[in-house]
Visitor: 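Structure in structure tokens, see below.
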Amino acid sequence: MTDVLNAIVLLGNFVLVPGLAYGSQLALGALGVTLIYGILRFSNLAHGETMSFGAMITILVTWLLQANGISFHPLPTALLALPFGIIGAVALCLIVDRLVYRYYRQQRSTSSIYLIVSIGVMLITGGLIRFIIGPGDRKITDGERFIIKARDFKEMTGLNEGLAIKTTQGVTVITAVSVVAFVFWFLGRTRTGKAMRAYSDNEDLALLSGINPERVVMIAWIMTGALATIAGTLYGLDKSFKPFTYMQLLLPIFAAAIVGGVGNPIGAIVGGFVVAFSELIITFAYRKVFMYLLPDEMAPEGMIQLLSTDYKFAVSFVILVIVLLVKPTGIFSGKLL
Amino acid sequence: MTQTHQPTTTAQSRRNILLFGIMTLLLCFVGFVQSWNVTFSLLNMCLISAIMALGLNIQWGYAGLFNVGVMGFAALGGLAGVLVSQAPIPAAWAAGGAGVVGGLITGLATILAGLAVWRRTRMRGRQRHWLTGLTVLVGYTVMRMIIDPAVSAIEAIDPARAGFLGGAGMPIIFSWAVGGIFAAAVAWVVGRISLGLRSDYLAIATLGISEIIIYFLKFEDWLTRGVKNVAGLSRPVPYEVDLNKSAQFQEFASSIGMNVIDASSLVVKISYAILFTLVLLVILWLSEAALRSPWGRMMRAIRDNETAASAMGKDVTSRHLQVFVLGSAVVGIAGAMLTTLDGQFTPTSYQPLRFTFLIWVMVIIGGSGNNWGAVLGGFLIWFFWIEAEPMGLWVMDALTSGMPDGHWLRMHLMDSAAHTRLMTMGLVLLLVLRFSPRGLIPEVKR
């Protein structure tokens with residue numbers, strides 16, 4: 001019996017807990033991608049850089065707070081700085097929309113043109129980020145490191161395996177749940193949210209019923225900027241902040257959005273967790289789990305790992321390919337807000 | 001639009017000559033100010049960039065396909081450079097050759113079996129997914145069981161110098177063709193999966209495959225030595241050292257009044273430039289011929305109105321697949337040439353900004369749909385990509401000259417000057433898209 005518990009705790013420690021945190025980050029990122037797709041109808045390749053930009057502002061403000069001795073103990077100081085990051089990223093999104101995307105909206109450009117334009121925005125934002133904060137690695141985590149330490153857990157339960165929950169993981173999940181709840185409340189219950197859904201569903205009908213398209217677009221960008229910053233900061237807190245990694249996140253984020261069905265917010269959330277858990281389940285080495293579950297003489301020799309962790313990004317790609325082959329519209333048939 | 005062969009207007013062709021003239025002057029300027037060695041290094045990279053841009057232009061300009069994975073196809077070309085030119089390592093083949101080949105065959109068989117099961121189980125509803133999944137999982141496990149010991153055996157053999165299977169030991173120039181074939185094969189698979197769906201799916205799929213190719217090259221040490229890199233690839237042109245030693249060459253160098261070291265490195269670069277120019281001209285000629293042919297007209301018809309073209313009986317998806325494979329092959333050729341020029345294969349050097357998005361900037365700025373435009377874009381953008389760094393540094397220096405030495409802002413700006421070129425590229429891209437969306441050399445209306 002203890003062996004079974006040990007195996008469960010082992011999986012919980014290395015798959016469930018990190019999967020929940022990573023899945024929340026991806027879900028928030030994919031939600032932003034899906035919002036822009038639903039309202040502006042293009043795949044925003046600059047989304048990774050928006051996340052990075054918001055996280056960068058948050059880090060700069062965090063440093064300022066830390067320098068002045070302000071902290072949010074036991075929680076990371078970055079949470080206090082998060083609103084500033086959101087303001088920064090939202091400002092960036094709105095300025096870019098005003099200067100760049102609005103013109104193409106008026107021209108009624110095709111989605112491919114938008115895609116190239118978003119590459120331009122991505123390059124500029126990426127350059128700006130590297131210009132301001134540099135390309136290096138930044139660790140910003142402070143406050144209490146763990147909610148439960150592995151050793152305390154072992155002492156409490158008397159098991160061999162420990163279950164550690166990092167503060168950042170807890171913060172990530174709680175923040176993500178509240179943000180997602182807010183987004184769904186907003187889209188489902190408020191007038192503006194309903195207007196956005198109507199606009200996403202049928203642009204012409206929405207215009208006929210007097211919805212102001214510029215306002216809808218503006219709110220979409222505000223939400224995207226905020227979501228991107230939260231996702232980016234949480235990712236940066238959990239792992240570490242490095243401008244380059246946010247570009248690599250594009251692939252899992254888009255995979256998440258497509259798996260769920262692009263343009264569908266529930267799909268984005270589900271997709272985020274599907275991608276995150278697949279990544280962890282496929283790259284986890286099951287050797288110890290089998291050692292607990294099987295009698296000693298049957299203990300496996302190899303690592304029992306389906307794919308080495310080097311290829312974790314390949315997992316999102318394979319998921320993407322399977323979805324494209326089997327159900328191109330995604331699990332929740334996309335394009336509905 | 002009704003005429004099939006409306007020649008370019010004289011004003012336009014004069015403008016084109018002027019643009020290419022300016023480009024030549026820029027390169028010559030570097031020759032006089034910095035050195036001719038720098039000019040020819042730049043020129044060689046410009047030529048390779050131009051070929052990559054041609055490849056992307058075939059996809060985007062001819063057919064409107066959105067390939068965000070140029071990096072991956074270029075890296076496949078680089079892999080070809082290693083696999084063709086490196087000498088085979090018999091000890092490694094003896095240790096794990098059979099296992100690797102057997103494993104790869106099992107892998108291929110797994111994919112085929114998976115497809116077969118998927119096709120045969122149409123009537124089975126939900127079971128279909130499980131059956132296919134199970135087939136693939138079993139096949140994959142068998143493959144790993146065969147290949148894993150072989151891989152560790154290979155990587156254990158002389159890891160400091162070898163640790164991989166080596167290549168075919170042929171002249172590296174063949175790798176240019178092989179690189180094209182590698183890239184084309186991968187492009188075919190990616191295209192089969194993602195073409196015919198919404199246009200941005202191809203973008204995401206290529207973005208993904210390019211990352212995975214790079215990861216594969218980084219971590220499959222048995223094939224590529226991974227991050228240990230493969231250095232000292234053979235060359236299609238003479239080595240500087242040999243030239244320096246030859247009495248004939250020393251005489252030649254003194255007759256043109258240069259010292260031997262400079263002259264030899266210049267001669268090597270010029271030889272590369274000649275080879276690259278030949279390849280560029282061949283590809284350019286083929287592309288132009290294709291664009292003028294009925295095939296080119298069909299591609300434009302498909303690009304401009306897919307619905308109409310398919311109503312006329314054109315098979316849009318398979319034409320797209322064709323053009324996607326062709327364009328990727330050209331990128332693969334350029335990738336192999338790049339590795340040849342570098343003389344080494346470094347998987348970590350492949351960065352999406354440099355290998356994918358920069359090429360996009362080249363095509364858009366040069367003029368999508370026009371091959372000459374792509375070539376000009378390749379030259380111009382590469383030139384500024386390299387020269388923007390010293391220029392950025394100079395601008396920062398000038399801007400902050402009023403500040404005291406060692407002022408934090410001045411230090412920061414000087415340190416970050418290198419990143420201004422990313423911003424510059426993005427800015428140029430947006431400005432061209434907005435104010436001159438057809439690029440420097442616009443597509444010719446035929």
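So you know, we letter chains A, B, ... as the sequences are listed, proteins then strands, and number each from 1.
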Visitor: Going by the side-chain contact (heavy atoms from CB on, under 4.5 Å) test, name the single residue among I193(B), V189(B), I209(B) that passes it with V321(A).
Guide: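 Checked I193(B), V189(B), I209(B) against V321(A); only one passes side-chain contact (heavy atoms from CB on, under 4.5 Å): I193(B).
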Visitor: Parallel, tilted or perpendicular: which describes the rings of Y311(A) and F219(B), with under 30° parallel and over 60° perpendicular?
Guide: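 Taking F219(B) first and then Y311(A), their aromatic rings stand perpendicular (interplane angle over 60°).
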Visitor: Let's go through I119(A) and F66(B) carefully: what are the C-alpha distance in whole Å and the side-chain angles of both, what is the deciding distance for side chain to side chain contact (heavy atoms under 4.5 Å, CB included) to 0.1 Å, and is it a yes or a no?
Guide: CA-CA 12 Å; I119(A) 289 182; F66(B) 214 96; 4.2 Å; yes
Visitor: Crowded around R144(B) CZ? As in, over 12 foreign heavy atoms under 6.0 Å?
Guide: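 Result for CZ/R144(B): enclosed.
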Visitor: Do M247(A) and F357(B) touch side chain to side chain, with heavy atoms closer than 4.5 Å?
Guide: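 With C-beta onward as the side chain, the pair touches.
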Visitor: Less than 4.5 Å to any heavy atom of chain B: does that hold for the side chain of S43(A), its backbone, both, or neither?
Guide: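 Both backbone and side chain.
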Visitor: Please tell me if the side chains of L422(B) and F131(A) come closer than 4.5 Å, counting only heavy atoms from C-beta onward.
Guide: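 No, every pair of side-chain atoms sits at 4.5 Å or beyond.
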Visitor: Side chains of Y103(A) and L433(B): does their closest heavy-atom pair fall under 4.5 Å?
Guide: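 Contact flag for Y103(A)/L433(B) side chains = no.
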Visitor: Less than 4.5 Å apart, any side-chain heavy atom of M423(B) and any of L123(A)?
Guide: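 M423(B) does not reach L123(A) side chain to side chain.
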Visitor: Is the closest side-chain heavy-atom distance between W60(B) and S112(A) below 4.5 Å?
Guide: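 Yes, at least one pair of side-chain atoms sits under 4.5 Å.
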Visitor: So which part of I129(A) gets closer than 4.5 Å to some heavy atom of chain B, the side chain, the backbone, both or neither?
Guide: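 For I129(A), there is no contact with chain B at all, as no heavy atom is under 4.5 Å.
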Visitor: Return the option, out of V117(A), I258(A), I116(A), L251(A), with the maximum number of heavy-atom pairs under 4.5 Å with chain B.
Guide: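 Looking at each of V117(A), I258(A), I116(A), L251(A) in turn, I116(A) comes out on top.
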Visitor: Are M122(A) and L353(B) close enough that some pair of their side-chain heavy atoms sits under 4.5 Å apart?
Guide: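 Yes, side chains in contact.
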Visitor: Heavy-atom cut-off 4.5 Å, strictly under: side chain, backbone, both or neither for Q107(A) against chain B?
Guide: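 No part of it gets close to chain B.
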Visitor: Check whether more than 12 heavy atoms from other residues, nucleotides or ligands sit under 6.0 Å from atom NZ of K218(B), and answer yes or no.
Guide: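 Enclosed.
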Visitor: Going by heavy atoms in the side chains, are Y201(B) and V262(A) under 4.5 Å from each other?
Guide: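 Yes, at least one pair of side-chain atoms sits under 4.5 Å.
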